[in-house]
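Comments concern the structure below.
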Amino acid sequence: MILVGLKHLISIRDIRKEEILNILDESKEMENILNSKKSLKIMEGKILATLFYEPSTRTRLSFETAMKRLGGSVIGFTDIRNTSVMKGESLIDTIRVVSDYVDIITIRHPCEGAARLASEYSTVPVINAGDGSNQHPTQTLLDLYTIKREVGKIDGITVAFLGDLKYGRTVHSLCYALSLFEDVEIKFISPEELRIPKEIVADLLEKDVKFYETETIDLEDVDVVYVTRIQKERFPDLNEYQRVKGKYKLTLEHVKDKDLIVMHPLPRVDEIDPRIDNLPQAKYFQQSFYGVPVRMAILKMLLE
């Protein structure tokens, strides 16, 4: 199973619904292999470069784990202070050099469009691991995989997004992906300052996706509540951050008697009551685990 005509994975908008479903099917195969404890040599002799210009725990480590589980190896950096970036080297030059060393590149960068630019100068596949507040396609794919595994379907579900909907790239990407499925409804729950961007709303309107916006935490008839952190690092004005910090928090009372799952791209700060961790509805740590089989599937399919 391959991604026909797709050399890079930069945006979820680059992938058709059929390809998304193929990735989810391949991810299930990878999960089965992980659970069986079998060792793989699919990527033996292949090298992944992880170029992380921004901090990361789950994304970077799950990519490294995925490549090593497939039998490949990893090089890269997590701190630009130890690279030629500090000497003034451009992103383009870094990509030109690194793409001659490896077979595939994963990049996280604070600037929107950086991954797309990297793909234009790379001689090997490039995977976007997050570019500013723009896109995070592999997170979207693992989110869809989590929904499919834990809810049992994607078509016909209702998803509530809670928290930072303005700067949350995971929300933006997932909204677009959900719009490709049938009879999906969306609730946007956020303070006025962090409402979903107008371009995402326009996209949903164009695709006739049912949605509404509210400032009240209302989880009636919801299948998935997707909580996001208020991201201090994304705010151009810290006064704006101080006004909304800690304003929205999911409590035990919100979810304890409801037939839904709670998701979060992590890291979290104070937006989820820790007592929810012990409820069967809490799926955010399982969601994090699913990043490994999903990224195994993506690496395998891009390099085939």
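This chain uses plain numbering: 1 for the first residue, then up along the sequence. In what follows, every heavy atom counts, from backbone to side chain, and hydrogens, waters and symmetry copies are set aside.
Residues Glu215 and Glu192 have side chains in contact (heavy-atom distance under 4.5 Å, counting atoms from C-beta outward). Under the 4.5 Å side-chain criterion, counting only non-hydrogen atoms from C-beta, Lys166 is not in contact with Glu193. No side-chain heavy atom of Thr140 sits less than 4.5 Å from a side-chain heavy atom of Tyr176. Inter-residue side-chain proximity for Leu250 and Glu271 is flagged as unmet; no heavy-atom pair is nearer than 4.5 Å. Under the 4.5 Å side-chain criterion, counting only non-hydrogen atoms from C-beta, Thr138 is not in contact with Val294. Within the 4.5 Å cutoff, side-chain heavy atoms of Tyr53 are placed close to those of Leu51. For the pair Ile261 and Asp223, the minimum side-chain heavy-atom distance is 4.5 Å or more. Side-chain contact check for Phe289 versus Leu34: some heavy-atom pair is nearer than 4.5 Å.
A continuous path of Ile, Leu, Val, Met, Phe, Trp and Tyr side chains, each step under 4.5 Å between heavy atoms, connects Leu174 with Phe188, placing both in one hydrophobic cluster. Taking hydrophobic clusters as Ile, Leu, Val, Met, Phe, Trp and Tyr residues chained together by side-chain heavy-atom distances below 4.5 Å, Leu117 does not share a cluster with Ile12. In the hydrophobic cluster analysis, where Ile, Leu, Val, Met, Phe, Trp and Tyr join through side-chain heavy atoms closer than 4.5 angstrom, Val74 is grouped apart from Val98.
The closest side-chain donor-acceptor pair between Ser62 and Arg295 falls under 3.5 angstrom. No side-chain donor-acceptor contact under 3.5 Å links Glu185 and Tyr212. Side-chain N/O atoms of Asn128 and Asp131 include a donor and acceptor closer than 3.5 Å.
For the pair Lys148 and Asp25, the salt-bridge criterion is met [side-chain N within less than 4.0 Å of a carboxylate O]. Using a 4.0 Å cut-off between a side-chain N of Lys or Arg and a carboxylate O of Asp or Glu, Asp221 and Lys187 do not qualify as a salt bridge. Salt-bridge annotation for Glu64 and Arg60: present, with a side-chain N of the basic residue lying under 4.0 Å from a carboxylate O of the acidic one. Arg13 and Asp203 are joined by a salt bridge, as a carboxylate oxygen and a charged side-chain nitrogen come within less than 4.0 angstrom of each other.
For Ser173, the side chain to side chain donor-acceptor pair (under 3.5 Å) criterion is met by Gln135, not counting sequence neighbours.
Around the OH atom of Tyr101, the shell of radius 6.0 Å holds no more than 12 heavy atoms that belong to other residues, nucleotides or ligands. Applying the 6.0 Å contact sphere to CG of Asp79 captures more than 12 heavy atoms from other residues, nucleotides or ligands. More than 12 heavy atoms of other residues, nucleotides or ligands sit less than 6.0 Å from atom CD of Glu199. Applying the 6.0 Å contact sphere to NZ of Lys28 captures more than 12 heavy atoms from other residues, nucleotides or ligands.
Interatomic distance, CG of Leu61 versus OG1 of Thr50, reported as 9.5 Å (0.5 Å rounding).
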